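Presented below is the structure to which this report refers.
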Amino acid sequence: MVSPSKSADWLSGYIPDLPTPFNEQGGIDELAFGRLCERQIAAGATALVVGETSGESSTLEPAERERLVRIAVDVARHRVRIIAGAGSNATERAITFTQAAEAAGADAIISVVPYYNKPMPSGLSAHFRAVAAATTLPVIVHDIPARTVRGLPDDTLVELVRSAQFVGLRDSSGDIARLMRLQARLPASFRLLTGDDTTSLAYLAAGGHGCISSVSNVTPDLCMALFRNLREGRLRQAREVHQALVPLATLLEREHPAALKFALAVLGFMQPTTRLPIVQLDASAKAGVAQAVAGLADEYLAAAQ
């Protein structure tokens, strides 16, 4: 059972950004989603992210977002924390999503930088402060400039973190030098997490606390082995695991989340169904993902022993 402490130490290691399985009718496949949650808990994840980037949050109805949280909470039974995706480019909508996640039993929310609007730094600050004021839950900020166009300035983050309610950053910029800039300006208790699997080893080795990950959905045991080897000083072994993961991580990033869903379909965990405007992979991309998944078989079995 998770500790009742308000410390954010649990925000560490590889935390899966879970996809949302859909059935043939286009609704949520609740049984498949529950199995994905249980698989990650069994592998040793400290938290699960639901209804965020991998979860196709922009196509989820409000009731579906809430249902995903409730399923994850029911499966977890307090064994891990549930982090609910609750971001929007409309502040009032982000507040609504945040309050619904809290009512559904989430332990924290992750809120993305508002996309498309291109708000100025003072607007970003006002947005996140309004979200935090509407909940008692810890808030993780997600900075992903490739999708939002405008990134979160370091100064704005430092200003926000004056409130202890902001407990972590999911930094999907891929800028490892930023981690080093931020470390000296943020409280030691604030958790710095990468959202980029391809550079996760370098980020963690530079002092990052964890990775909110896509590839860990496919190979949770390998990701746990990577983190364990790194923390126990076995850098060579950690590097070998990471090098084995990079080909798949690169393919998942290229067509996300369709490639992730197909990889999990290859393993028999869910259907590869997506929602428009995301479509399923073409034949060539499917072959590449299938080959990358097959190429991890030996490493996966070794890590699972």
Side-chain angles (χ1 to χ4, degrees), residues 8 11-12 14-17 47 49-58 83-91 93-95 97-98 101 108-132 135 137-187 189-200 202-204 206-215 249 252-253 256-257:
L11 269 176
S12 66
Y14 279 81
I15 296 171
D17 181 358
V49 173
V50 304
E52 225 254 347
T53 308
S54 296
E56 296 174 80
S57 59
S58 60
I83 305 169
S88 173
N89 65 340
T91 303
R93 195 171 300 130
I95 288 172
F97 293 156
T98 296
I109 63 110
I110 183 167
S111 192
V112 71
V113 169
Y115 41 89
Y116 189 80
N117 298 339
K118 297 179 69 175
M120 62 190 71
S122 58
L124 291 173
S125 179
H127 170 85
F128 285 118
R129 288 186 183 282
V131 168
T135 182
L137 295 180
V139 177
I140 302 160
V141 178
H142 187 188
D143 188 19
I144 181 167
R147 290 179 180 265
T148 62
V149 181
R150 179 154 292 176
L152 181 69
D154 291 356
D155 288 346
T156 304
L157 178 64
V158 171
E159 177 189 344
L160 289 172
V161 171
R162 291 173 185 165
S163 166
Q165 196 169 354
F166 293 95
V167 298
L169 170 70
R170 180 184 185 181
D171 185 354
S172 298
S173 69
D175 181 4
I176 298 171
R178 184 189 190 193
L179 166 69
M180 301 184 210
R181 294 196 308 269
L182 287 172
Q183 284 173 323
R185 302 185 65 190
L186 298 172
S189 59
F190 189 80
R191 314 304 279 180
L192 291 163
L193 308 138
T194 181
D196 182 6
D197 281 306
T198 60
T199 61
S200 62
Y203 191 94
L204 294 169
H209 300 102
C211 176
I212 296 182
S213 168
S214 175
V215 75
L252 297 187
E253 181 181 353
H256 188 66

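Note that the structure is a prediction, hence the values are computed from the model and not measured. Only heavy atoms go into these numbers, but all of them, side chains included; no hydrogens, no water, no symmetry mates.
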Report yes or no: do Glu159 and Ser125 form a side-chain donor-acceptor pair below 3.5 Å?
yes

Atom pair CD1/CD1 of Ile83 and Ile140 - distance to nearest 0.5 Å:
4.0 Å

Kindly indicate, with the supporting measurements, whether the criterion side-chain contact (heavy atoms from CB on, under 4.5 Å) is fulfilled by Leu186 and Val158.
CA-CA 6 Å; Leu186 298 172; Val158 171; 4.0 Å; yes

Does the side chain of Ser88 reach to within under 4.5 Å of the side chain of Phe97, using non-hydrogen atoms?
yes

Give, for atom OH of Tyr116 and atom CZ of Arg150, the distance between the pair rounded to the nearest 0.5 Å.
13.5 Å

What pair of heavy atoms forms the shortest contact from Gly208 to Leu179, and how long is it?
N-CD2, 3.7 Å

With no hydrogens and no angle check, is any side-chain donor or acceptor of Glu52 less than 3.5 Å from a backbone partner on Ser57?
no

Restricting to salt bridge (Lys or Arg N to Asp or Glu O under 4.0 Å), what partner residues turn up for Asp143, sequence neighbours left out?
Arg178

Validation row: Leu157, Leu182 side chains within 4.5 angstrom (heavy atoms)
yes

Shortest non-hydrogen pair, Ala94 vs Gly87, comes out as CB-C, 4.4 Å

Go through the structure and list residues passing salt bridge (Lys or Arg N to Asp or Glu O under 4.0 Å) with Arg93, not counting sequence neighbours.
none

Here the gap from Phe128 atom CZ to Phe166 atom CZ, rounded to the nearest 0.5 Å, amounts to 7.5 Å

Is any NZ, NE, NH1 or NH2 atom of the basic residue among Arg185 and Asp154 found under 4.0 Å from an Asp or Glu carboxylate oxygen of the other?
no

Minimum heavy-atom distance between Pro121 and Thr156, given as atom pair plus value:
CB-OG1, 3.6 Å

Are the side chain of Gln165 and the backbone N or O of Ala132 linked by a donor-acceptor pair below 3.5 Å?
yes

In Å and rounded to the nearest 0.5 Å, what is the CD1 to CD1 distance from Ile212 to Ile15?
5.0 Å

Between Ala8 and Ser189 the two heavy atoms that sit nearest each other are CB-O, 4.4 Å

Do Gln183 and Leu192 come close enough that some side-chain heavy atom pair is under 4.5 Å?
yes

Indicate yes or no: at least one non-hydrogen side-chain atom of Ser213 is less than 4.5 angstrom from one of Pro16.
no

Does any non-hydrogen side-chain atom of Leu11 lie less than 4.5 Å from one of Leu193?
yes

Note, Tyr14 side chain near Asp197 side chain (heavy atom, < 4.5 Å):
yes

Kindly indicate whether the side chain of Ser111, heavy atoms from C-beta on, has any atom under 4.5 Å from the side chain of His127.
yes

Are any of the side-chain heavy atoms of Ser12 and Arg191 separated by less than 4.5 Å?
yes

CG of Asp155 to CG of Leu124: how many Å apart, nearest 0.5 Å?
12.5 Å

Quick one: does Asn117's side chain have a donor or acceptor within less than 3.5 Å of a partner on Asn89's backbone?
yes

Compute whether any side-chain donor of one residue and acceptor of the other, for Asp196 and Thr194, lie under 3.5 angstrom apart.
no

Over all heavy atoms of both residues, which pair between Ala86 and Ile109 is shortest? Give the atoms and the distance, please.
CB-CB, 4.1 Å

Could you tell me which non-hydrogen atom of Ile176 sits nearest to which non-hydrogen atom of Ala206, and how far apart they are?
CG2-CB, 4.3 Å

Stepwise side-chain contact (heavy atoms from CB on, under 4.5 Å) check, Val112 with Arg147:
CA-CA 10 Å; Val112 71; Arg147 290 179 180 265; over 6 Å; no

Given His256 and Ser214, is the side-chain contact (heavy atoms from CB on, under 4.5 Å) satisfied, shown in steps?
CA-CA 9 Å; His256 188 66; Ser214 175; 3.3 Å; yes

The side-chain contact (heavy atoms from CB on, under 4.5 Å) partners of Ser172 (sequence neighbours excluded) come to His142, Ile144, Arg170

